[in-house]
Amino acid sequence: MNDLTFYIDKFVYTQKEHEPDLGFVPANIRRRFNLEDKHTVFSINHCMREDAEEIVFASQYGCFDRLQKLTEQFKEMKEVSPALFSNSVHNTSVGQYTLLTKKTLPSLAISCGEETFIRGLITAITTKKTVVYCFSDFFGDIKSICFLISSTPTNKKYLLKQNDNSNGENDLQNVLGLFEGKTKKTVIGGYTIEELNDD
């Protein structure tokens with residue numbers, strides 16, 4: 001893979017103990033959200049901009065609790081609720097956000113096991129568009145990480161390159177440290193992400 005440069009204009013993340021501010025979501029809709037919905041919808045809304053051309057959504061497990069309920073329901077009753085089934089697809093949270101905000105921009109869902117975050121990021125960067133990239137997962141302390149990524153100069157510039165000597169570490173805390181400005185470089189999933197100084 002060739003080295004990739006990209007710019008981040010907006011950045012936000014949420015953690016397990018964080019209660020996302022969903023004041024912009026009507027209460028009757030908010031009550032139907034599960035944990036992943038809340039964190040994903042909050043994060044995408046925070047990073048959304050009028051010139052965004054696409055949403056790239058990455059999640060290793062998707063709406064895991066709904067899938068679990070479906071499985072249990074099928075085992076017990078040999079049938080499943082159509083409403084529960086329709087809300088169990090991988091990118092339900094993104095669909096709910098676009099319906100809620102009447103956004104018509106396309107979205108793409110990514111799932112690649114333990115490499116989901118970095119593969120989603122590579123996908124978002126290589127679109128060469130202004131993209132809202134959101135990683136969200138049901139397990140772990142970090143519930144969502146979201147960026148507004150641009151291929152044209154906006155704010156902070158980064159370099160992503162393959163790191164053949166990496167042990168494939170997938171610690172998202174290291175990623176947060178980089179984008180919070182605590183470090184200039186991090187390694188994740190066999191790749192190095194480095195903040196660059198604008199020339």
Side-chain angles (χ1 to χ4, degrees), residues 6 8-70 83-125 127 129-150 170-173 175-176 179-180 188-189:
F6 62 102
I8 290 183
D9 193 42
K10 293 184 178 184
F11 162 64
V12 70
Y13 70 94
T14 64
Q15 294 182 290
K16 185 189 294 184
E17 66 275 9
H18 177 234
E19 185 62 36
D21 179 7
L22 295 173
F24 67 99
V25 180
N28 63 322
I29 296 175
R30 196 165 57 236
R31 280 193 295 271
R32 298 197 299 264
F33 282 3
N34 69 2
L35 184 64
E36 189 192 24
D37 295 334
K38 291 176 181 178
H39 286 268
T40 301
V41 168
F42 166 81
S43 298
I44 292 175
N45 190 65
H46 180 88
C47 291
M48 184 56 65
R49 204 169 63 189
E50 284 304 313
D51 63 339
E53 299 170 86
E54 189 171 356
I55 297 171
V56 174
F57 174 72
S59 179
Q60 184 172 351
Y61 297 101
C63 296
F64 186 83
D65 62 336
R66 292 189 181 117
L67 180 60
Q68 192 173 29
K69 287 175 188 173
L70 273 176
L84 190 59
F85 178 76
S86 66
N87 283 318
S88 69
V89 296
H90 199 74
N91 58 339
T92 293
S93 304
V94 178
Q96 289 174 333
Y97 173 77
T98 55
L99 286 171
L100 178 70
T101 58
K102 296 181 172 51
K103 299 282 185 189
T104 57
L105 66 171
S107 64
L108 177 65
I110 304 280
S111 180
C112 296
E114 292 184 358
E115 293 188 351
T116 295
F117 172 81
I118 193 67
R119 295 296 174 182
L121 181 61
I122 291 168
T123 300
I125 295 167
T127 64
K129 298 176 182 176
T130 299
V131 176
V132 175
Y133 171 56
C134 183
F135 169 84
S136 181
D137 235 333
F138 188 83
F139 296 102
D141 291 334
I142 299 170
K143 292 301 175 188
S144 67
I145 300 175
C146 195
F147 313 99
L148 179 69
I149 296 175
S150 176
N170 283 289
D171 188 351
L172 291 175
Q173 290 291 348
V175 173
L176 296 182
F179 293 113
E180 287 183 313
I188 183 166

task = Measure the shortest side-chain to side-chain distance between Leu172 and Tyr13 over non-hydrogen atoms and say whether it is less than 4.5 angstrom.
result =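 Not in contact.
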task = Could you tell me whether Glu17 and Lys143 make a salt bridge, using a distance below 4.0 angstrom between a side-chain N and a carboxylate O?
result =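 No, no charged N to carboxylate O under 4.0 Å.
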inquiry  = Quick check on side-chain hydrogen bond (donor to acceptor under 3.5 Å, both in side chains): which of Ser93, Ser136, Ser43 does Ser144 satisfy it with?
reply    =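 Exactly one pass, corresponding to Ser43.
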inquiry  = Against Thr14, only a single residue in His46, Lys38, Glu19, His39 fulfils side-chain hydrogen bond (donor to acceptor under 3.5 Å, both in side chains); can you say which?
reply    =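 Single side-chain hydrogen bond (donor to acceptor under 3.5 Å, both in side chains) partner of Thr14 among His46, Lys38, Glu19, His39: His39.
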[X] and [Y]: which non-hydrogen atoms are nearest, and at how many Å?
X	Y	result
Ala52	Leu148	CB-CD1, 4.4 Å
Gln15	Gln173	NE2-NE2, 3.8 Å
Ile110	Cys112	CG2-SG, 3.9 Å
Tyr133	Ala58	OH-CB, 3.5 Å

Short side-chain to backbone donor-acceptor contact, Asn45 and Phe42, under 3.5 Å =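 Checked: no pair found.
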ask   = Taking the side chain from Ser111 and the backbone from Ser59, do they hold a donor-acceptor pair closer than 3.5 Å?
value =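 Yes, Ser111 side chain to Ser59 backbone: donor-acceptor pair under 3.5 Å.
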inquiry  = Just checking Phe147 against Phe179, ring centres under 6.0 Å apart?
reply    =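 Between Phe179 and Phe147, which both carry aromatic rings, the centre distance is below 6.0 Å.
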request  = Any chance you could measure Ile142, atom CD1, to Lys16, atom NZ, to the nearest 0.5 Å?
outcome  =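 Answer for the CD1-NZ pair, Ile142 versus Lys16, is 11.5 Å.
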